[in-house]
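Small disclaimer: the values here were computed from a predicted structure and weren't measured. Start at 1 with the first residue, then count along the sequence.
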Amino acid sequence: MNIDLFVTDHGESGLVIDRPLPEMPSGVILDAETNTMTLEFSETEETLHLNIPVEEEHKEKLLFSPRIQVAMMEDGLVADHSDVSLLYLNDPYGRQFGDMAHTGRGQRSILRFEQFMKRCTFAQAVHRADFGDEGSVGSVLKGVNPKSLQYSPQLSREMAMDAGPRIAAQIEHTISHAPGPKGPGGMGGSTTSSGRRRRMIPPPGSARKSRDDDDKR
């Protein structure tokens with residue numbers, strides 16, 4: 001199993017795991033002293049210590065991000081996702097470790113994860129099962145652009161359902177802000193603050209052109 005850390009310029013972070021696990025992590029712990037991360041699992045009460053330290057620059061970003069997204073891949077598709085708590089050990093800013101009870105409160109929004117991956121500007125390996133395996137050196141996405149990830153049929157359906165209300169709201173917004181009916185003569189009109197209709201003045205020369213046309217007749 002291999003895991004990569006993805007980070008955006010705005011301090012958002014996420015972990016992508018290259019194969020499904022028996023359960024999604026319920027929380028992630030960052031040890032600010034060793035720069036290493038640990039995945040916590042609520043059902044099995046097990047932990048997975050990641051074996052590659054986070055780069056110092058990006059550790060600082062993680063220390064100001066209380067949530068982290070976690071996704072699992074299967075056959076080249078994103079198969080599962082959760083947005084979980086990010087807790088800290090040896091926090092240089094003196095905050096408490098946090099209540100482990102909150103690690104079980106994962107949230108899932110595939111649309112949010114998709115947008116996060118499109119904003120990513122940095123990625124690094126944070127866990128490799130076999131350092132001697134040349135095939136594990138590259139990204140867990142295996143050359144796929146983070147902006148072009150494909151999703152399992154189940155997650156694709158969830159994305160469509162999540163997007164439905166948003167699309168309907170966008171359509172309603174467009175209709176409510178559409179221009180009103182045009183005034184007499186096909187010219188647009190507007191309403192003043194007093195509620196009276198205000199006639200739009202035609203462009204210069206248009207009235208003269210109309211009179212010339214009448215004279216020719």
Side-chain angles (χ1 to χ4, degrees), residues 1-8 12-31 34-55 58-59 62 65-89 97-118 120 122-146 148-159 161-162:
M1 173 180 54
N2 303 316
I3 304 174
D4 283 358
L5 169 69
F6 291 80
V7 179
T8 73
E12 304 164 289
S13 60
L15 297 173
V16 179
I17 307 170
D18 70 348
R19 67 178 178 83
L21 300 177
E23 66 172 300
M24 285 293 295
S26 56
V28 178
I29 300 171
L30 171 65
D31 188 331
T34 62
N35 288 14
T36 55
M37 307 179 83
T38 300
L39 306 187
E40 298 284 321
F41 300 91
S42 58
E43 294 183 10
T44 59
E45 297 184 354
E46 295 182 353
T47 59
L48 173 63
H49 299 284
L50 309 190
N51 54 19
I52 302 176
V54 176
E55 293 185 13
H58 301 288
K59 181 196 75 173
L62 295 179
S65 178
R67 307 285 299 181
I68 186 169
Q69 304 206 42
V70 182
M72 295 191 295
M73 307 287 293
E74 184 175 15
D75 298 328
L77 303 176
V78 180
D80 204 356
H81 163 266
S82 188
D83 182 319
V84 302
S85 297
L86 177 59
L87 305 176
Y88 311 103
L89 276 176
F97 175 72
D99 183 0
M100 285 300 297
H102 292 291
T103 60
R105 300 175 186 175
Q107 305 169 0
R108 184 157 84 178
S109 172
I110 307 304
L111 283 176
R112 187 165 62 244
F113 174 73
E114 180 193 36
Q115 293 303 311
F116 159 73
M117 292 301 291
K118 288 181 178 180
C120 284
F122 171 84
Q124 74 152 100
V126 287
H127 186 78
R128 289 296 182 264
D130 183 1
F131 288 102
D133 181 8
E134 294 183 359
S136 69
V137 175
S139 167
V140 296
L141 299 185
K142 301 186 184 305
V144 176
N145 189 321
S148 306
L149 286 175
Q150 300 295 312
Y151 298 80
S152 69
Q154 178 186 353
L155 295 190
S156 296
R157 182 172 180 270
E158 288 185 23
M159 290 175 68
M161 294 177 67
D162 287 346

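In this structure, Glu114 CD and Leu155 CG are separated by 11.0 Å, a value rounded to the nearest 0.5 Å. Residue Met37 holds its CE atom at 4.0 Å from CD1 of Ile68, rounded to the nearest 0.5 Å. Taking CE from Met24 and CD from Glu43, the interatomic distance works out to 12.0 Å, rounded to the nearest 0.5 Å. Here CZ of Phe41 is found 5.5 Å from CG of Leu48. Values are rounded to the nearest 0.5 Å. Put simply, OG on Ser156 and CG on Leu77 are 8.0 Å apart, with the number rounded to the nearest 0.5 Å. Interatomic distance, Met72 CE to Arg19 CZ, rounded to the nearest 0.5 Å: 10.0 Å.
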For Val28 and Leu87, what are the C-alpha separation, side-chain angles and deciding distance, and is it a side-chain contact (heavy atoms from CB on, under 4.5 Å)? CA-CA 6 Å; Val28 178; Leu87 305 176; over 6 Å; no
Step-by-step side-chain contact (heavy atoms from CB on, under 4.5 Å) determination, His127 to Ile52: CA-CA 5 Å; His127 186 78; Ile52 302 176; 5.8 Å; no
Can you list the steps and then say if Asp31 with Tyr88 is a side-chain contact (heavy atoms from CB on, under 4.5 Å)? CA-CA 6 Å; Asp31 188 331; Tyr88 311 103; over 6 Å; no
Would Val140 and Ile3 count as a side-chain contact (heavy atoms from CB on, under 4.5 Å) here? Give the steps. CA-CA 7 Å; Val140 296; Ile3 304 174; 5.7 Å; no
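When every heavy atom of Phe116 is checked against every heavy atom of Gly14, the shortest pair comes out as CZ-N, 3.3 Å.
Side-chain atoms of Thr38 and Leu30, non-hydrogen and from C-beta on, never get closer than 4.5 Å to each other. Contact check for Gln69 versus Arg112: side-chain heavy atoms found under the 4.5 Å cut-off. At least one side-chain heavy atom of Pro146 sits less than 4.5 Å from a side-chain heavy atom of Leu141. When side chains are defined from C-beta on, Val78 counts as touching Tyr151, because their heavy atoms get closer than 4.5 Å. Under the 4.5 Å side-chain criterion, counting only non-hydrogen atoms from C-beta, Thr47 is not in contact with Leu39. Looking at heavy atoms from C-beta onward, Met1 lies in side-chain contact with Ile17 at the 4.5 angstrom threshold. Looking at heavy atoms from C-beta onward, Ser13 lies in side-chain contact with Leu5 at the 4.5 angstrom threshold. Looking only at side-chain heavy atoms (C-beta outward), Phe113 and Val70 stay at 4.5 Å or farther from each other.
When atom types are taken as modelled, the side chain of Asn2 and the backbone of Ala129 share a donor-acceptor pair closer than 3.5 angstrom. The main-chain N or O of Glu12 is found under 3.5 Å from a side-chain atom of Thr8 such that the two form a donor-acceptor pair.
A donor-acceptor pair shorter than 3.5 Å cannot be found between the side chains of Gln124 and His58.
Remark: Asp4 engages Arg128 in a salt bridge (charged side-chain N to carboxylate O under 4.0 Å, His left out) (not counting sequence neighbours). For Asp18, there are no salt bridge (charged side-chain N to carboxylate O under 4.0 Å, His left out) partners at least two apart in sequence or on another chain.
Around the CD atom of Glu23, the shell of radius 6.0 Å holds more than 12 heavy atoms that belong to other residues, nucleotides or ligands. Within a 6.0 Å radius of CG in Asp75, no more than 12 heavy atoms belonging to other residues, nucleotides or ligands are found.
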